[in-house]
Amino acid sequence: MSRSAHPAGPRHADVMPEGHYTAPPADLNALDPKVWARTVTRDEDGAVTVGGIGVTRLAEEFGTPAYVLDESDFRARCRAWADAFGQDADVFYAGKAFLSRAVVRWLKEEGLNLDVCSGGELTCALDAGMPAERIAFHGNNKTAEEIERAVTVGVGRIVLDSFQEIARVSHIAQRLGKRQRVQIRVTVGVEAHTHEFIATAHEDQKFGIALAGGQAAEAVRRALTLDGLELIGIHSHIGSQIFDMAGFEVSARRVVQLLAEVRDEHGVELPEIDLGGGLGIAYTSEDDPREPHEIAKALGDIVTRECEAAGLATPRISVEPGRAIVGPTAFTLYEVGTVKPLDGLRTYVSVDGGMSDNIRTALYDAEYTVALASRTSDAEPMLVRVVGKHCESGDIVVKDAFLPSDIAPGDLIAVPATGAYCRSMASNYNHALRPPVLAVRDGAARVIVRRETEEDLLRLDVG
Ligand SMILES: *Cc1c(COP(=O)(O)O)cnc(C)c1O
């Protein structure tokens, strides 16, 4: 992703400020299908529509800001992942990206499994009817209550993250008279982010048990001796927003090496490996994500090759995409409140939300694009920063983008690719009311998560 300051900004042609922008797109009204949900288009009046419904109607009916989710796109992506991985592999949707009961029902209907990492996510999954055996329970510090509930309801697997947890889960399972299916999460010495991966000798982070120094082998040794556990495999998750398969290649090779060591030492071939999630999506036109079938083929080939080399039968593979399924399916719809040109710098466009509905820009320096959604415009492109209404100068939604220079209060703008880690990380900062999630499909929109009200805020404030 090489980005360079472009000297040809039409509005501020002499002094272009520092930033990550490239040249303005040739056509500001165009909606790049890479970053927008599949049914998004413009109607004959120029307004953005999704699932056959225009944003003006959505804003009138449901208000702004709002997350607008293309249900048929979500379902299509689930099917694409399930089809790509086929019968001999399992796809677990990572619920932390965005979870609601409607989402759980879609996953269930489309044949996906579900990762949860808290009691709250487990409750949501079970309440919406996801069979417990299709749920995996994750996390580096599950409470005793969470473990007890997961074992009691019979989740398909618990992914063990520490030596203490190996003992704890076994103890709880035994007390409940059960044998819990588990995987051990290992850190393989690979960290992948976006277009690069880094192979590190030691793992300075909180997740997993290191392969290095024989720790993971020791974890397997312990898990195999405990009566409360049925060890079904090894788990590895190497990062997020990954485009380069090289990190998975190294990760799979190291996990298979461990499987071979386990076979040599214990005479046991563990039947499963989980390669985690982290597959990247297009937030801007410069990102080029891979299709699920390419990812499935690449991962399948790597595992098959490594297992053949080690003389192992190929284990059942599972993957855990979160962002890659839900991320592209939603955009955030905002109304513009103020437009403030800063001479020689850029124009600040303030919207009726901000870091409370999208913390990713402030938290990770994430990149987004934006489009004028309620109409088209032939005005010249203008370099903008889309900011929220919070009391924080880092309250930025889109750091650098172009909007038509006639953008004005009352216009609706839309930020694409906000389906993952936006509503799920939303906050009540400044007593903001968290926006609703609208599911749109075949000309109908419905609220799947409603907007918070001031009564909701006061209900928790018990004085
Ligand atoms: C976060 C996470 C995922 C999903 O990551 P995405 O980037 O949303 O695909 C999958 N597995 C584990 C263990 C995770 O922590």
Are any of the side-chain heavy atoms of Asp456 and Leu433 separated by less than 4.5 Å? no
Arg222/Glu218 ion pair, N-O < 4.0 Å: yes
Which pair of heavy atoms, one from Ser318 and one from Asp274, lies closest together, and at what distance? OG-OD2, 3.0 Å
Quick check: do Val48 and Val40 have side-chain heavy atoms less than 4.5 Å from each other? yes
Is there a side-chain contact between Met245 and Ile295 in this structure, where contact means two heavy atoms from C-beta onward sitting under 4.5 Å apart? yes
Nearest-0.5 Å distance, NZ of residue Lys389 to OG of residue Ser350: 10.0 Å
I'd like to know whether Val220 forms a side-chain contact (heavy atoms from CB on, under 4.5 Å) with Ile234, so could you lay out the CA-CA distance, the side-chain angles of the two residues, the decisive distance to 0.1 Å, and finally the verdict. CA-CA 9 Å; Val220 169; Ile234 301 297; 4.0 Å; yes
Within 6.0 angstrom of Gln205 CD, more than 12 heavy atoms from elsewhere: yes
Tell me, do Ile209 and Ile166 make a side-chain contact under 4.5 Å, heavy atoms counted? yes
Going by an N to O cut-off under 4.0 Å, is there a salt bridge joining Asp365 and Lys399? yes
Between Gly353 and Pro65, what is the shortest heavy-atom contact and its length? CA-CG, 4.0 Å
If you count heavy atoms of other groups shown closer than 6.0 angstrom to CZ of Arg101, is the number above 12? no
How far apart are the closest heavy atoms of Ala414 and Phe331, and which atoms are they? CB-CD1, 3.7 Å
Charged N to carboxylate O under 4.0 angstrom, Lys34 versus Asp287? no
If the threshold is 4.0 Å, N to carboxylate O, is there a salt bridge linking Arg305 and Glu249? yes
Flag the pair Arg175 and Glu148 as a salt bridge only when some basic side-chain nitrogen lies within less than 4.0 angstrom of an acidic carboxylate oxygen. yes
On a heavy-atom basis, which atom in Cys117 and which in Lys96 lie closest, and how many Å separate them? SG-CB, 4.3 Å
Between Arg149 and Glu145, is there a side-chain N and carboxylate O pair less than 4.0 Å apart? no
Evaluate the side-chain proximity of Leu438 to Leu333: yes if any heavy-atom separation is below 4.5 Å, no if none is. no
Within-4.5 Å side-chain heavy-atom neighbours: Tyr283 and Arg323: yes
Between Arg38 and Asp70, is there a side-chain N and carboxylate O pair less than 4.0 Å apart? no
Less than 4.5 Å apart, side chain to side chain, heavy atoms only: is that true for Val398 and Thr361? no
Taking the side chain as every heavy atom from C-beta outward, state whether Asn358 and Thr332 have any atom pair closer than 4.5 Å. no
Pair Arg423 + Asp357: basic N to acidic O under 4.0 Å: no
I'd like to know if Glu165 pairs up with Lys142 as an ion pair, taking the criterion as any Lys NZ or Arg NE/NH1/NH2 lying under 4.0 Å from an Asp or Glu carboxylate oxygen. yes
Would Arg185 pass as a cation-pi partner of Phe207, given that its NZ or CZ must be under 6.0 Å from the six-membered ring centre and within 45 degrees of the axis? yes
Could you check Tyr429 against Cys391 for side-chain contact (heavy atoms from CB on, under 4.5 Å), going step by step and ending with a plain yes or no? CA-CA 9 Å; Tyr429 181 46; Cys391 303; 4.1 Å; yes
Calculate, to the nearest 0.5 Å, the distance between atoms NZ and CG belonging to Lys206 and Asn140 respectively. 4.0 Å
Is there a side-chain contact (heavy atoms from CB on, under 4.5 Å) between Thr314 and Val303 once you walk through the steps? CA-CA 7 Å; Thr314 304; Val303 173; 4.0 Å; yes
Report the C-alpha distance between Ile325 and Trp106 in whole Å, list the side-chain angles of each, state the deciding distance to 0.1 Å, and finish with yes or no for side-chain contact (heavy atoms from CB on, under 4.5 Å). CA-CA 12 Å; Ile325 290 176; Trp106 300 339; over 6 Å; no
Closest non-hydrogen contact found for Thr64 with Ala59 is CG2-CB, 3.9 Å
Check for me whether the distance between the ring centres of Tyr364 and Tyr421 falls short of 6.0 Å. no
Heavy-atom pair of closest approach, residues Ala445 and Val440: CB-CG2, 4.0 Å
Given the side-chain rings of His237 and His138, with only the six-membered ring counted for Trp, is the space between their centroids under 6.0 Å? no
Pair Arg181-Glu133, salt bridge (Lys or Arg N to Asp or Glu O under 4.0 Å): steps then yes or no: CA-CA 10 Å; Arg181 288 160 57 88; Glu133 63 270 19; over 6 Å; no
